[in-house]
4 protein chains.
Amino acid sequence: MNWMMFTVDPADPTPLYAQLDRGIRAAIVAGQLRPGDRLPTVRQLAVDLRINANTVAKVYAELERAGVLATQRGIGTFVRDKPTPAASASRRDRERELRSLVDRLLADASAIGISLREVVRYLESIEAKQAKERT
Amino acid sequence: MNWMMFTVDPADPTPLYAQLDRGIRAAIVAGQLRPGDRLPTVRQLAVDLRINANTVAKVYAELERAGVLATQRGIGTFVRDKPTPAASASRRDRERELRSLVDRLLADASAIGISLREVVRYLESIEAKQAKERT
Amino acid sequence: MNWMMFTVDPADPTPLYAQLDRGIRAAIVAGQLRPGDRLPTVRQLAVDLRINANTVAKVYAELERAGVLATQRGIGTFVRDKPTPAASASRRDRERELRSLVDRLLADASAIGISLREVVRYLESIEAKQAKERT
Amino acid sequence: MNWMMFTVDPADPTPLYAQLDRGIRAAIVAGQLRPGDRLPTVRQLAVDLRINANTVAKVYAELERAGVLATQRGIGTFVRDKPTPAASASRRDRERELRSLVDRLLADASAIGISLREVVRYLESIEAKQAKERT
DNA sequence: GTGGTCTAGACCACG
DNA sequence: GTGGTCTAGACCACA
């Protein structure tokens, strides 16, 4: 496994903990992390990302409260079985939300010169990888 | 005028000033704001976005230092002529940025119960539509 | 107002942040803190309780995520309007839960020599105080 | 034997060892465990509570140092004769403890949507029942 | 060796 | 002056 699934950019104004939180959630959605998988230890991930262990611990704790991860005292931190399906908003609401999220993505991407085509290709590659790992 | 080209989300952990900075740059790149266009006054935008005027002023000042905007005292703040010479980031930087943007999208989508598959299908539909219009 | 509504015991094996979390929730239930009330500043409460400001901040942040408090950037932290009624479990479930909580309370109280009578009198005094403050 | 006089809640932020310590002392004060009674073996209790045997052993050892239990090598662990000379805490200490216990009760109750009023009514009903039985 | 708690103290975002 | 983020480093609970 080529660790370094997660990255963090200290120059990004987004707080480190928020970047890591997003990265872990995204890795789960993308199937790179699956229910039952163990995450790197707090200290190891801190070393890999070159950030403080407390920052990693904070993220793990937050994701546990959110029901995404589960930690076993003295053993480690794991991906929960059910990534909380929850939030079954109406079809219209979900479409509106999806549209809004994608709009933001495309605006930000175009602002740094990334085309729609590139975004789509990248997302398709993630989807393909996920399908393969599900085998 | 339907001002409200810019939005800001106080729940987003990204600092308000960074969200606004990003939004203005994106609007310029997207052509919603063109060289010579006048931006809303600091106070007006602050009211619209329900944030403190100091925060807006800080962003305008930063963008002026960056050569994106120009202020004419007593008249207003305008978009500069340059079509942003920037956006020539390195390949690695662009990949990192793309990854970060997609992470945010997927994390936010999963938080409201939207799957990777749905996101990809939606983006593909947008790409198809755009291709057709180009015919 | 005689501040010092909250107390914390460093000798108690219960973590400080958990003690404070409980204390704040209890103060709200008891009506000592009401929707819209402002809480002490992070730093002030830290000084009063003789604990580190980070510990207080952590509790405020947790209670905000739980929907109990709301913070306004740069202004302060407030009790939310609706202390989340939520959790409308069945009548039988609630009775079972209540019984279990009270059992634990009485066991712990008797272990340190506090009688049922004393517990009841104390709770009644809290209820009376709350009724008065609602005027 | 319906062992299970003791319970432990891994979700409670109070350390497991402190929960068990409290539980054993409470069982003795409440008369569920009397001088000379034998406690479950370390391993058995660990299995019952689904915690590590080291944790149970640590609690037994601590209670032995405190003069609450006595171990007879090769035979088992027993409740000591002394009817706990302790429990003579100062008035201030008892008040502080009572307040802390009630805080926990109210916080937990509100978390599941049980009001202060309901708690008080329930406790009063217990007190009434007990008074009647004493007749 | 794993995660959890706490401290002290620096610096930032916001009003 | 308010809360928020991050660090470095100590010590504890648990397996």
Side-chain angles (χ1 to χ4, degrees), chain A residues 8 10 12-21 38-46 49-61 64 69-78, chain B residues 8 10 12-21 46 49-59 62, chain C residues 8 10 12-21 38-46 49-61 64 69-78, chain D residues 8 10 12-21 46 49-59 62:
Chain A
V8 123
D12 187 327
T14 305
L16 298 179
Y17 83 89
Q19 294 181 47
L20 181 53
D21 180 303
R38 185 179 172 189
L39 281 93
T41 70
V42 168
R43 289 161 168 86
Q44 187 56 51
L45 188 51
L49 298 178
R50 298 157 174 278
I51 64 180
N52 189 281
N54 288 333
T55 305
V56 177
K58 179 180 174 184
V59 172
Y60 280 15
E64 184 174 13
L69 302 180
T71 110
Q72 297 184 31
R73 299 219 221 191
I75 301 193
T77 306
F78 302 81
Chain B
V8 128
D12 189 322
T14 304
L16 299 179
Y17 86 90
Q19 292 183 47
L20 182 54
D21 177 303
L49 299 178
R50 298 157 177 276
I51 64 181
N52 190 286
N54 290 334
T55 305
V56 177
K58 180 181 165 190
V59 171
E62 244 175 43
Chain C
V8 124
D12 188 327
T14 304
L16 298 179
Y17 82 89
Q19 293 182 47
L20 181 54
D21 180 302
R38 182 174 174 196
L39 281 92
T41 70
V42 168
R43 288 161 168 89
Q44 187 54 51
L45 189 50
L49 298 178
R50 297 157 175 277
I51 64 180
N52 189 281
N54 288 333
T55 304
V56 177
K58 179 181 174 183
V59 172
Y60 280 16
E64 183 174 16
L69 302 181
T71 111
Q72 296 185 30
R73 299 220 221 191
I75 301 193
T77 306
F78 302 81
Chain D
V8 128
D12 189 320
T14 305
L16 300 180
Y17 87 91
Q19 293 184 47
L20 182 53
D21 177 302
L49 299 178
R50 296 158 178 275
I51 63 180
N52 191 286
N54 290 334
T55 305
V56 177
K58 181 180 166 190
V59 172
E62 244 175 44

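Per chain, numbering begins at 1; letters A, B, ... match sequence-line order. Everything quoted here is computed from the prediction, not taken from an experiment.
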Integer-rounded Å distance: [N] [atom2] and [X] [atom1]:
X        : N       : atom1 : atom2 : answer
Leu45(A) : dC6(F)  : CG    : P     : 14 Å
Asp21(A) : dG4(F)  : CG    : P     : 16 Å
Asp12(D) : dC14(F) : CG    : P     : 11 Å

Report summary line: B/S/- along nucleotides 9-15 of chain E (protein heavy atoms under 4.0 Å) is B---SBB
How far apart are the closest heavy atoms of [X] and [Y], and which atoms are they?
X        : Y        : result
Leu16(A) : Thr55(A) : CB-CG2, 4.3 Å
Leu45(A) : Tyr60(A) : CD2-OH, 3.4 Å
Thr14(D) : Arg73(A) : O-NH2, 4.1 Å
Leu20(B) : Val8(B)  : N-CG2, 4.3 Å
Asp12(A) : Gln19(A) : CB-NE2, 3.4 Å
Asn52(A) : Ala46(A) : C-CB, 3.9 Å

Report task. Convert the base pairs of DNA chain F into dot-bracket notation, remembering that pairs crossing earlier ones are written with [ ] and that bases paired across to another strand are shown as |; include only Watson-Crick or G-U pairs under 3.5 Å. Result -> ||||||||||||||.
Query - NZ-CG distance between Lys58(D) and Asp21(D), expressed to the nearest 0.5 angstrom - result: 10.0 Å
Query raised in the report: What's the verdict on side-chain hydrogen bond (donor to acceptor under 3.5 Å, both in side chains) for Thr77(A) and Thr71(A), showing C-alpha distance, side-chain angles and the deciding distance?
Result: CA-CA 4 Å; Thr77(A) 306; Thr71(A) 110; 4.9 Å; no
**Report entry** Phosphate OP1/OP2 of dG1(E): any Thr41(A) side-chain N/O under 4.0 Å
**Finding:** no
